[in-house]
Amino acid sequence: MSESSGTERQTATVDSDSIEDPLLEVDGLRKQFGGVVAVDGATFAVGEGSLTGLIGPNGAGKSTTFNCITGIHEPTGGRVTFDGQEITGLPPYTLANRGLVRTFQIARELSDMTVLENVMLAPDDQVGESAIRSVLPGLRDDVIADEEAVRDRAWETLDFFEIDHLAHENAGNLSGGQRKLLEMARVLMTDPEMVLLDEPLAGVNPTLEEKLLERIHELRREQGLTFLLVEHDMDVIMNNCEHIIVMHQGSVLAEGDAEAITSDERVLEAYLGGEV
Amino acid sequence: MGLVANAGDSRAAVVDRPGAVAVAAVLGYLVLDLVVKLSGISVFFLGMQVLGGSLELGSLLSMVIDGLLVGLAVGLAGIGLSMTYSILDFANFAHGDTVTAGAFLGWVAAYIAAGLGTGAPIAELFMLNSGRQLSTVSTFVPVLLGLVVAGVGSVGVTLLVDRLTYRPMRAAGNISLLIASIGVALAMRYLIAFVFGTQTSGVASGGLRITFFGTVSMTDNEVTLLVVSLLLMLAVHLLLQRTKLGKAMRAMADNEDLARVTGIPTERVIRLTWILGGGLAGVGGYLLVLESGTISFNFGWILLLLIFAAVIVGGIGSIYGAMAGGVLIGLVDSLALIWLPSGLTRAAAFLVLIVVLLLRPSGIFGGVTTA
Amino acid sequence: MSVAESVRDRLDALPDIGLVAGFMGAIWAIMLVLALSVGGAEWANLAAGFIGSVTVLIGGYAILALALNLQWGYTGLFNIGIAGFMAVGAYTTAILTAPTDPAAGAVAGLGLPLWVGLLGGMLAAAVIGGLAALPALRLKADYLAIVTVAFSEVIRLTVNWSGLAEFSLFGRTLGTGGATGISFESANDVAGSLVNGVGAPVAAAFQGVGVSAPNLANLTYGLMLMAVVGASYWVFARLTNSPFGRVLKAIREDETVTQSLGKDTRVFKIKTFMIGCALMGLAGVLFRGQAGYISPSQFRPTITFYVFAALIIGGSGSNTGSILGAATFSGLLFYLPARIGENVPLGTRAPSNIVEAVAALGSLDPFPLVAYTVGNVSTLRFVLIGVVLIYIIQNQPDGLLGHRNEPAASVDLDRSRADLGGESDE
């Protein structure tokens with residue numbers, strides 16, 4: 001199944017079919033910008049509750065794959081399935097409401113809003129997002145009750161990521177690492193089932209990196225969240241992900257556990273080839 | 001085989017781009033209607049006239065000439081707006097008032113030159129209210145001098161405005177620059193009003209009428225507009241094609257990506273943008289007054305939206321697009337009279353602007369390389 | 001810079017209601033001083049006239065600035081078609097309420113009561129605003145600006161068109177009146193009847209000191225407009241300090257992120273356009289149609305730019321700032337210079353044009369130039385407005401209050417007490 005059409009590639013050890021309880025399935029995903037094919041028939045699956053790594057040399061199509069899955073770009077071809085339902089080409093807000101959310105490679109904080117506002121924005125279907133309810137006196141009681149609940153959850157989430165001391169600060173004043181934490185906090189407030197993390201550790205100092213990874217594992221353990229992680233740091237991927245997908249030139253080159261990937265010669269070649 | 005493929009293509013076009021197809025249908029109807037009207041046939045359906053009527057070829061040609069004249073001047077003025085939009089990355093709402101400023105400077109010079117030795121008081125000449133009507137044939141040298149002063153003067157005005165307003169904010173966002181230009185527009189317009197008053201002055205009127213095709217005629221002033229704007233457009237073309245700086249500017253104006261890669265444009269390119277754009281705007285304004293005969297403190301401001309329409313229809317950033325867009329919008333503004341009552345023709349030109357922005361934001365000629 | 005900062009610090013220390021009251025009080029005091037110094041025995045009537053007119057202006061611009069603040073300040077939608085939406089509201093109200101049996105030469109309407117007309121006007125402006133928002137879903141900010149300003153001109157030219165001046169619809173004759181305009185039930189009459197009815201004793205006291213009935217009605221109307229400003233502020237403050245407002249701010253900051261967090265930003269943008277345009281439509285009739293008459297020339301794009309100037313001065317993104325900006329703009333920049341220019345005696349030596357004024361400098365007589373300048377100050381004030389706009393954008397882009405952090409939430413955002421008790425800072 002994971003063979004991309006027209007090539008004779010074989011996957012390393014684990015076949016997509018063998019992923020138990022796949023939450024996200026990507027099948028023959030293709031994205032073309034003008035004449036450039038950025039993603040060329042990528043096929044893989046992410047098991048429910050797993051921490052899956054997505055790696056590949058620069059230009060392998062990882063970010064474009066992310067953008068196609070999360071509705072930022074409309075794919076040129078292929079199918080994306082989430083939780084058993086096809087989601088190909090659906091807009092980002094629909095996906096987020098279904099529990100599929102993402103973070104961005106370069107943290108995109110809402111800089112002229114406070115940290116607390118950033119986090120409180122995220123929950124789905126807040127009562128006060130209705131213009132009429134937020135204004136009319138009789139209807140507003142529900143808004144207040146909902147707001148109080150959201151606020152309390154926001155504080156808890158900020159506590160969890162240890163950025164509560166920055167709650168009233170404008171997000172634009174945060175350091176790079178703090179912004180990454182804020183993005184994670186914000187995404188969690190949407191109550192997701194699955195989070196796509198686009199290089200969450202880039203530019204983050206080792207202490208913070210440790211902290212972030214700890215949080216990710218904790219969320220998996222305690223809330224059963226699924227993570228798909230794009231990361232450049234091989235060690236991080238090898239040490240934390242039980243399943244790893246390697247992309248090269250727009251399609252999946254290999255997948256399997258850390259051991260299988262490190263022993264795969266094609267992976268080595270792709271990386272060396274990419275370097276030269 | 002080819003036929004089948006074509007049918008499939010056109011079906012796909014209807015589905016993918018319903019707006020464009022609707023526009024094409026409307027245009028097709030208008031062209032058909034025009035032909036039927038010219039042949040003097042009326043077509044009725046259910047008692048309503050759906051096609052045709054009557055239209056003299058002569059009046060159609062007059063409308064075309066009117067539209068062409070206004071369009072050429074608007075196109076000249078539009079070059080600067082298009083260039084600032086792409087090179088400095090903002091919509092310059094003060095551009096219309098640059099047109100006015102250039103026109104006033106030029107006409108004051110022309111008036112004083114024409115009035116010297118006639119005993120007219122200098123104050124009356126300066127205020128453009130001696131009542132004299134200039135024309136190219138009767139006062140050739142003053143009109144020519146005014147043209148040069150309009151160009152040079154508006155260059156001076158734009159450079160001064162850039163120095164005071166835009167240069168301190170080179171790093172600012174495009175909306176900040178747009179708002180600053182609104183401030184510049186207000187300040188310029190009312191400084192002109194402060195000096196020259198708010199009345200409309202008649203300053204020019206054709207001295208000679210040339211008739212051709214029996215029914216169509218143009219005044220000497222109109223011919224001047226036609227010739228001067230065509231010559232200037234040719235000059236701009238040569239500048240862009242033959243000089244190194246011109247080529248660099250064209251590349252930057254035409255290609256946003258290139259502009260982004262090369263980073264903030266050099267002060268040299270910016271200065272040339274203002275010089276070229278400002279000068280042509282002033283000349284365009286001067287010529288429009290020569291053609292219409294009257295001048296007032298806010299005529300450029302009123303014209304601004306039409307210039308925007310020209311630039312957007314031609315494709316923002318494209319210098320040739322601005323010229324062609326000007327002519328096109330001038331023609332729409334004038335030919336709309338065939339189908340619409342006179343009160344709505346200007347609205348039609350603005351609707352064209354809106355429709356183009358919605359359906360084809362890169363402009364009608366967008367995507368066509370100008371190299 | 002430091003002056004501006006110290007002004008700002010002092011502003012920050014005041015509660016919002018005190019700020020607005022202080023600004024209004026100061027502007028009224030300036031008007032009173034002007035009336036006292038030029039009015040002689042007529043000072044009371046003059047003061048009532050000045051204060052009434054300036055209050056009407058402030059009220060009108062404050063409503064418009066609040067509406068624009070929702071669209072641009074909060075959501076980042078650069079709408080420069082304000083004049084057009086005002087026209088939609090004003091014309092709808094006018095057509096709904098104009099008498100069915102008009103005076104000779106005037107155009108007939110539907111003769112409905114004023115409140116129906118006002119509601120209808122707001123509704124029409126909201127619908128047209130919602131339609132205009134559709135391009136906003138896909139256009140860049142500066143393209144949207146051009147589309148909206150072109151749209152507003154299309155509206156103005158359409159109501160100006162003689163073909164719509166008078167027409168028949170379902171057997172009734174109505175129309176826009178074309179370039180001549182349209183007369184309808186004057187909102188000012190409401191103020192007039194207040195003065196003659198409930199307020200008669202107060203009115204008598206004012207008239208006792210020489211305030212004329214029209215000036216008194218005008219002053220009353222200004223205060224009524226301020227009440228509309230208060231109500232609009234109340235609505236908009238609740239609207240923006242809520243999850244709804246939070247989404248609007250997020251759209252302004254980064255629309256992609258907002259979508260990625262599950263918000264259908266298109267719906268929010270359309271709603272914002274509709275709500276803001278409804279208020280613009282209301283201002284169109286209450287402000288421009290105060291005297292029960294409107295014409296197309298009252299809805300030129302310049303008024304749009306004045307609203308922008310007001311909002312930028314006050315600080316885009318702040319509701320309170322919108323009102324302060326409207327007061328500063330219309331009181332100090334727009335109204336005051338014109339009144340000073342009118343009331344400074346120039347004598348007979350004032351020159352008729354600038355050439356004579358400058359020529360006199362040659363004989364070392366600066367008076368003609370000064371006299372010319374003062375005499376034309378109502379023109380120069382627009383130069384001043386332009387220069388102030390440039391100065392603010394260059395040096396104080398946050399205006400008076402835009403720097404403020406007004407978190408968009410319906411509740412106090414500090415940690416709740418229960419939470420604090422549970423797990424204080426560890």
Side-chain angles (χ1 to χ4, degrees), chain B residues 85 89-91 93-94 121-127 129 164-165 168-169 172-191 193-198 297-298 301-302 304-305 308-309 312 316 341-351 353-354 357-358 361, chain C residues 72 76 78 80 134-135 138-151 153-158 160-164 178-179 300-302 305-306 308-309 312 351-356 359 372-373 376-377 379-395 397:
Chain B
Y85 211 131
D89 191 31
F90 78 100
F93 273 75
I122 192 91
E124 263 184 21
L125 293 175
F126 183 87
M127 296 299 294
N129 61 4
L164 294 175
T165 310
M169 26 189 328
N174 56 355
I175 291 298
S176 296
L177 286 163
L178 192 161
I179 291 168
S181 80
I182 290 173
V184 171
L186 268 173
M188 267 169 78
R189 192 172 341 133
Y190 284 95
L191 266 181
F194 176 70
V195 173
F196 295 100
T198 53
F297 80 105
N298 64 354
W301 169 246
I302 293 170
L304 177 67
L305 208 48
F308 263 120
I312 284 164
I316 281 185
S342 63
L344 288 182
T345 53
R346 190 52 61 91
F350 295 156
L351 276 177
L353 154 72
I354 295 174
L357 258 188
L358 292 184
Chain C
W72 181 49
F78 203 72
I80 52 173
L134 298 177
R138 44 194 286 197
L139 288 178
K140 290 202 306 180
D142 45 355
Y143 280 23
L144 178 68
I146 295 165
V147 164
T148 47
V149 73
F151 189 64
E153 279 292 90
V154 169
I155 290 171
R156 186 179 65 83
L157 293 165
T158 308
N160 190 51
W161 176 44
S162 55
L164 284 179
R300 291 188 183 281
T302 35
F305 296 115
Y306 298 156
F308 265 89
I312 289 165
S352 61
N353 66 52
I354 198 166
V355 184
E356 291 167 23
Y372 182 81
T373 307
N376 286 284
V377 80
T379 302
L380 278 182
R381 68 186 157 155
F382 294 109
V383 179
L384 177 69
I385 292 168
V387 171
V388 167
L389 206 50
I390 297 167
Y391 174 84
I392 290 182
I393 282 295
Q394 285 184 347
N395 302 300

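Proteins come first, then strands; the chains are lettered A, B, ... in the order of their sequence lines, and each starts at number 1. Predicted, not measured: the structure shown is a model, and the values here were computed from it.
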Is chain B contacted by the side chain of D142(C), its backbone, both, or neither, given a heavy-atom distance below 4.5 Å? both

The side-chain hydrogen bond (donor to acceptor under 3.5 Å, both in side chains) partners of N298(B) (sequence neighbours excluded) come to S296(B)

Among the listed options F308(C), F151(C), Y372(C), the residue most often paired with chain B at heavy-atom distances under 4.5 Å: Y372(C)

Working to the nearest 0.5 Å, report the span between OH of Y143(C) and CZ of F78(C). 15.0 Å

Any chance you could measure N174(B), atom CG, to I179(B), atom CD1, to the nearest 0.5 Å? 10.0 Å

Between L305(B) and chain C, which part of the residue has a heavy atom less than 4.5 Å away: side chain, backbone, both or neither? side chain

In terms of heavy-atom proximity below 4.5 Å to chain C, should L177(B) be classed as side chain, backbone, both, or neither? neither

Residue pair N353(C) / E124(B), side-chain heavy-atom distance below 4.5 Å: no

Mind checking whether F308(B) and V149(C) have side chains closer than 4.5 Å, heavy atoms only? no

Check each atom of L157(C) against the heavy atoms of chain B and say whether the ones under 4.5 Å are side chain, backbone, both or neither. both

Which value, rounded to the nearest 0.5 Å, describes the distance between L186(B) atom CG and W301(B) atom CH2? 7.0 Å

Which answer fits L191(B), side chain, backbone, both or neither, if we ask what part of it has an atom under 4.5 Å from a heavy atom of chain C? both

Would you mind reporting whether L389(C) and F305(C) have side-chain heavy atoms less than 4.5 Å apart? no

Should F194(B) and T373(C) count as side-chain neighbours, where that means a heavy-atom distance under 4.5 Å? yes

Who among I155(C), V388(C), I146(C), T302(C) has the most heavy-atom pairs with chain B under 4.5 Å? I146(C)

Engaged part of F196(B) at the chain C interface, taking heavy atoms whose separation is under 4.5 Å: neither

Checked N376(C), V383(C), T158(C) vs chain B; the most non-hydrogen pairs under 4.5 Å come from V383(C)

Heavy atoms only, distances under 4.5 angstrom: which of S176(B), P341(B), A91(B), S181(B) has the most pairs with chain C? Name it, please. P341(B)

Not counting sequence neighbours, which residues clear side-chain hydrogen bond (donor to acceptor under 3.5 Å, both in side chains) with R156(C)? List them please. E153(C)

Engaged part of I80(C) at the chain B interface, taking heavy atoms whose separation is under 4.5 Å: side chain

Pick one of side chain, backbone, both or neither for F93(B), based on which atoms fall under 4.5 Å of a heavy atom in chain C. side chain

So which residue, F126(B), Y190(B), Y85(B), F90(B), ends up with the most heavy-atom pairs under 4.5 Å with chain C? Y190(B)

Could you tell me which of S342(B), A123(B), A185(B) has the largest number of non-hydrogen atom pairs under 4.5 Å with chain C? A123(B)

Looking at I182(B), L344(B), I354(B), which has the largest count of heavy-atom pairs under 4.5 Å with chain C? L344(B)

Relative to chain C, which segment of L358(B) carries a heavy atom at a distance below 4.5 Å: side chain, backbone, both, or neither? both

Does any backbone or side-chain atom of I392(C) lie under 4.5 Å from a heavy atom of chain B? Answer side chain, backbone, both or neither. neither

Using heavy-atom distances under 4.5 Å, tell me whether A193(B) contacts chain C through its side chain, its backbone, both, or neither. both

Would you say the ring centers of Y306(C) and F382(C) fall short of 6.0 Å from each other? yes

Drop me the distance from L178(B)'s CG to I393(C)'s CD1, to the nearest 0.5 angstrom. 9.5 Å

